[in-house]
Protein chains: 2
Amino acid sequence: MSLQYAVLGVLEARPMTGYELTQFFESTARWVWTAPQSQIYPLLTKMAAEGLIAGEEQVRGSRLKRTSYSITDSGLAELRRWLAEPHAEPNVRDAFLLQTLFLDMIPPEEAEAVLRAHVAEIRDRREQWAAHRARLAAADTPLIQERLHRRDPADHARIVNLKTHVFDYLIDSATLRIEWAERAIAIMGVSPAVRH
Amino acid sequence: MSLQYAVLGVLEARPMTGYELTQFFESTARWVWTAPQSQIYPLLTKMAAEGLIAGEEQVRGSRLKRTSYSITDSGLAELRRWLAEPHAEPNVRDAFLLQTLFLDMIPPEEAEAVLRAHVAEIRDRREQWAAHRARLAAADTPLIQERLHRRDPADHARIVNLKTHVFDYLIDSATLRIEWAERAIAIMGVSPAVRH
DNA sequence: CGGGGCATGTAAGGGGTTACATGATTTT
DNA sequence: AAAATCATGTAACCCCTTACATGCCCCG
């Protein structure tokens, strides 16, 4: 249940409500770990019951209530425990590779269209990762600023570098996949160039 | 439900029993799509009911029964339909990147140990992918031989190239991840070299 | 005759997806 | 006054994981 640790990691920066976490996991965090709203609320209830986070009810307007959750000492300890532990890699389950494996069973033009659609999608993702990487490198997101605020300034560069490095991986892996898919198109033998 | 299409793709090479498919998805195919035995048998029953595959009961010895499943015309058509369709990329959910993102919260030595364990695991996987790639490139697995057998010899090179290309991706992505994790260790600032 | 491989099932539980549902508050 | 946004829930369903369960066949 990694989502739990993603939530703890986010709340380490500052307290948030379920709504804010939902926004976050459907927007920014989406690029490393996605979670829909229907997963967030039950998880917060469960984590609060376990004492990993503490919820404080706030009143907006006259009646509307919202709960702001902050990480507890116990939550921070549990996060640190998880972080220090190596975890087995999940099983490989890549639908796109599976599809490519059998692409010789359909006409080359159709196979090429599938590969091109994939390239377009990965290009989009890469752009968004690159944009976020730039914002992180400049320490220009609200969350990173609040996070750095309570850390030793001597460590700021190291923390920012580590986070941008994660996005570097996402960007580089997208590039690898794009170039790989383009070579796959050549192998399919549609392009006259490779037919020589 | 990609497992269904993985099964169809395998059965296109030759008919197999549930047991053989289980072996296959826990060994060779494991490197692209894993599936445990408990998923295979119910799926085969379901697919046979839908007419995508046809099961033929065989008798081994006096009483032991086993069912050999072959792909039907309808199954082949469904596989081709799926292959020609572009599929949306799944949401990103990478527990290791998540862990790395927060690795500044634990002592550098512990963080380094986590990264090194990861590198070791990916190295193992890369070796096995490379071994399988070599076997594929030489058309030296039983399945690829049976698959090629019923295809136009003019297409053999293209089919083998496409399959080895898939394993090239797995190998290259492992290399990327290893190098990335090693740079992450440098960023953690444990090694005196980077501290200058 | 015992152990390992062949062969097929099922059951419980976790996590994720999609969709439905409700109501208050703020903005236009 | 309507529309957008804030805010929180729930329910059904699918896929996957782990584990338990059963029995036959073949080889040594």
Side-chain angles (χ1 to χ4, degrees), chain A residues 1-8 15-27 29-50 53 55-69 82 87-95 98, chain B residues 1-8 15-27 29-50 53 55-69 82 87-95 98:
Chain A
M1 212 202 323
S2 297
L3 177 56
Q4 173 171 324
Y5 298 99
V7 167
L8 288 173
M16 283 196 192
T17 65
Y19 187 76
E20 283 175 300
L21 284 164
T22 296
Q23 301 290 93
F24 189 70
F25 278 96
E26 283 174 355
S27 63
R30 195 178 186 286
W31 308 118
V32 174
W33 199 277
T34 323
Q37 174 257 17
S38 62
Q39 253 190 301
I40 301 289
Y41 287 99
L43 179 62
L44 289 174
T45 309
K46 189 196 135 235
M47 287 170 72
E50 285 167 2
I53 56 177
E56 193 198 347
E57 283 213 348
Q58 300 175 337
V59 179
R60 303 226 328 167
S62 53
R63 245 161 306 183
L64 186 59
K65 265 179 256 171
R66 59 180 212 158
T67 312
S68 185
Y69 292 96
W82 182 80
H87 301 101
E89 275 289 280
N91 292 326
V92 183
R93 213 169 266 121
D94 190 319
L98 185 66
Chain B
M1 211 201 322
S2 297
L3 177 57
Q4 172 171 326
Y5 298 99
V7 168
L8 288 173
M16 284 196 190
T17 66
Y19 187 75
E20 283 175 299
L21 283 163
T22 297
Q23 300 291 92
F24 189 70
F25 278 97
E26 281 173 357
S27 62
R30 195 179 186 285
W31 307 118
V32 174
W33 198 277
T34 322
Q37 174 258 15
S38 63
Q39 251 188 303
I40 301 287
Y41 286 100
L43 179 62
L44 290 174
T45 309
K46 191 197 133 233
M47 285 169 73
E50 286 168 1
I53 57 176
E56 194 197 347
E57 283 214 346
Q58 299 176 337
V59 180
R60 304 231 320 172
S62 52
R63 246 162 307 182
L64 185 57
K65 265 178 259 172
R66 58 178 211 160
T67 311
S68 185
Y69 292 96
W82 182 80
H87 303 101
E89 276 290 282
N91 292 325
V92 184
R93 211 171 270 117
D94 190 319
L98 186 65

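Just so it is clear, the structure is predicted and the values come from calculations on it, not from any experiment. Keep in mind that the numbers below use all heavy atoms, side chains included, and drop hydrogens, waters and symmetry copies. In the text below, chain A, chain B and the rest are named by the order of the sequence lines, each starting its count at 1.
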Whole-Å distance, B:Lys46 NZ to D:dC15 C1', equals 11 Å
From CD of A:Gln4 across to P of C:dG14 the rounded distance in Å is 13 Å
Practice item. Would you indicate, yes or no, if C:dC6 has its OP1 or OP2 atom less than 4.0 angstrom from a side-chain nitrogen or oxygen of B:Tyr19? Key: yes
- Message: Please classify the nucleic acid contact of A:Ser38 as base, sugar-phosphate, or nothing, using heavy-atom distances under 4.0 Å.
- Response: base
Please determine whether side chain to side chain contact (heavy atoms under 4.5 Å, CB included) holds for the pair B:Arg93 and A:Thr34, giving the CA-CA distance in whole Å, both sets of side-chain angles, and the decisive distance to 0.1 Å. CA-CA 6 Å; B:Arg93 211 171 270 117; A:Thr34 323; 3.9 Å; yes
Separation of C:dT18 atom P from A:Glu26 atom CD, nearest Å, is 11 Å
Quiz item: Within the structure, does a side-chain N or O atom of A:Tyr41 lie under 4.0 Å from either OP1 or OP2 of D:dG9?
Solution: no
Between B:Thr67 and B:Arg93, whichever has its closest DNA chain C nucleotide further toward 5' is B:Thr67
>> Does D:dC16 have OP1 or OP2 under 4.0 Å away from a side-chain N or O of A:Asn91?
In response: no
**Message:** Is it true that, when you exclude B:Lys46 itself, more than 12 heavy atoms of the residues, nucleotides or ligands shown sit nearer than 6.0 Å to its NZ?
**Reply:** yes
For B:Glu26 and B:Gln37 the tightest heavy-atom approach is OE2-N, 3.2 Å
From CD1 of B:Ile40 across to P of C:dT10 the rounded distance in Å is 15 Å
Separation of C:dG16 atom P from A:Leu3 atom CG, nearest Å, is 6 Å
Once hydrogens and angles are ignored, does a donor-acceptor distance under 3.5 Å link the base of C:dG15 to the side chain of A:Gln39?
no
Rounded to whole Å, the CG-P distance (B:Leu43 to D:dC16) equals 9 Å
When every non-hydrogen atom of B:Leu98 is compared with those of A:Ser2, the smallest separation belongs to CD2-O, 3.7 Å
When rounded to whole Å, the CD to C1' distance for the pair A:Gln58 and D:dC6 reads 13 Å
Against the side chain of B:Arg66, the closest entry in D:dT18, C:dG16, C:dT8 is C:dT8
- prompt: Do A:Tyr41 side-chain atoms and A:Tyr19 backbone N/O form a donor-acceptor pair below 3.5 Å?
  reply: yes
From OH of A:Tyr5 across to P of C:dG15 the rounded distance in Å is 10 Å
